[in-house]
Amino acid sequence: WIVIHLPQLALEVVHPRWSDELAMVVLEQQRVMALSRLAWQAGIRTGMRLSGVQMLHHDTVIKQRDLHKETNALHAVAMSCLQFSPQVSVLDPANVLINIGASLRLFGGARRLRRMILGTVHQLGFSAQWGLSITSGGAYLLAQSAERNRSRSALQLAKLQRHLNALPLQLLPAAAKCSDWLHSIGC
């Protein structure tokens, strides 16, 4: 299984990654939910209010989140992945799950297939993180943790267990729903 996670989807649907670099933020309910590298360098952070953004960097380009564009883009990524496997699913707001088991021999193995899938996603104009595992849930969690964890591949159960044991609790979808409560009790 491989999961393709699009961490900058909200930003890249309103400002493709090949465009001129700008200090740009995407707002949801008047708070920053995605930002460009230049906005980060200006001191803007996820969760900031619009007034804080304008105070830190008055030239920041401000866009509202466009869920319709995000959904269309995610479906475009999923459709493009159908060339590698007939079993492709869209997961939550920014993930595509691909069952690659039957495609491994045809495309020359897991490593080559992963490179081909990522190349396709990049050609569509999206930044991607990936997770490759013997289980779909393991691939999902490895893709979500890609910034924290250099190894995003676990094709043996023992290796998958080691990687999953080191991940923060907040990556679990069920825990994310009550993460404020868990944080308040010290978890």
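Numbers here simply count residues along the sequence, with the first being 1. Just the heavy atoms: all of them, side chains too, but no hydrogens, waters or symmetry mates, feed the values below.
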Could you grab the distance from atom [atom1] of [X] to atom [atom2] of [Y], nearest 0.5 Å is fine?
X	Y	atom1	atom2	value
Arg114	Ile4	CZ	CD1	9.0 Å
Leu74	Met79	CG	CE	12.5 Å
Thr60	Ile44	OG1	CD1	3.5 Å
Ile98	Ser103	CD1	OG	9.0 Å
Thr135	Leu141	OG1	CG	8.0 Å
Gln123	Ser80	CD	OG	9.0 Å

Would you kindly confirm whether [X] and [Y] end up in one hydrophobic cluster when ILVMFWY residues are joined by side chain heavy atoms under 4.5 Å apart?
X	Y	result
Leu9	Ile2	yes
Met24	Leu67	no
Leu104	Ile117	yes
Leu22	Val25	no
Leu56	Leu11	no

Less than 4.5 Å apart, any side-chain heavy atom of [X] and any of [Y]?
X	Y	value
Leu27	Leu50	yes
Val96	Leu91	no
Leu118	Trp130	yes
Gln41	His57	no

Test side chain to side chain contact (heavy atoms under 4.5 Å, CB included) applied to Leu113 and Phe84, step by step = CA-CA 8 Å; Leu113 183 55; Phe84 304 110; 3.7 Å; yes

At their closest point, which heavy atom of [X] faces which heavy atom of [Y], and how far apart are they?
X	Y	answer
Tyr140	Asn95	CE1-ND2, 3.7 Å
Ala73	Phe126	CB-CZ, 3.5 Å
Arg65	Pro93	NH2-CB, 4.3 Å
Ile62	Gln54	CD1-NE2, 4.0 Å
Met48	Gly43	CE-O, 3.4 Å
Pro7	Gln129	CG-OE1, 3.6 Å

query = If we ignore angles and hydrogens, is there a donor and acceptor under 3.5 Å between the side chains of Ser36 and Glu21?
reply =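 On atom types as modelled, these side chains do not qualify, holding no pair under 3.5 Å.
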
Distance-only, no hydrogens or angles: does the [X] side chain make a donor-acceptor pair with backbone N or O of [Y] under 3.5 Å?
X	Y	answer
Arg152	Ala143	no
Thr46	Met33	no
Ser85	Cys81	no

More than 12 heavy atoms of other residues, nucleotides or ligands under 6.0 Å from [atom1] of [X]: is that the case?
X	atom1	result
Arg45	CZ	yes
His122	NE2	yes
Gln29	CD	no

message = Run the side chain to side chain contact (heavy atoms under 4.5 Å, CB included) test on Gln30 and Arg49 for me, step by step, so that the C-alpha distance in whole Å, both residues' side-chain angles and the decisive distance to 0.1 Å come before the verdict.
response = CA-CA 6 Å; Gln30 297 300 308; Arg49 294 184 181 276; 5.6 Å; no

task = Check step by step if side chain to side chain contact (heavy atoms under 4.5 Å, CB included) holds for Val26 and Leu35.
result = CA-CA 6 Å; Val26 176; Leu35 62 149; over 6 Å; no

query = For the side chain to side chain contact (heavy atoms under 4.5 Å, CB included) test, which of Leu97, Ile100, Val77, Leu82 pairs with Val88?
reply =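 That would be Leu82.
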
task = In sequence, state the C-alpha distance, the side-chain angles, and the governing distance for Thr71 and His68, and then conclude on side-chain hydrogen bond (donor to acceptor under 3.5 Å, both in side chains).
result = CA-CA 5 Å; Thr71 301; His68 182 70; over 6 Å; no

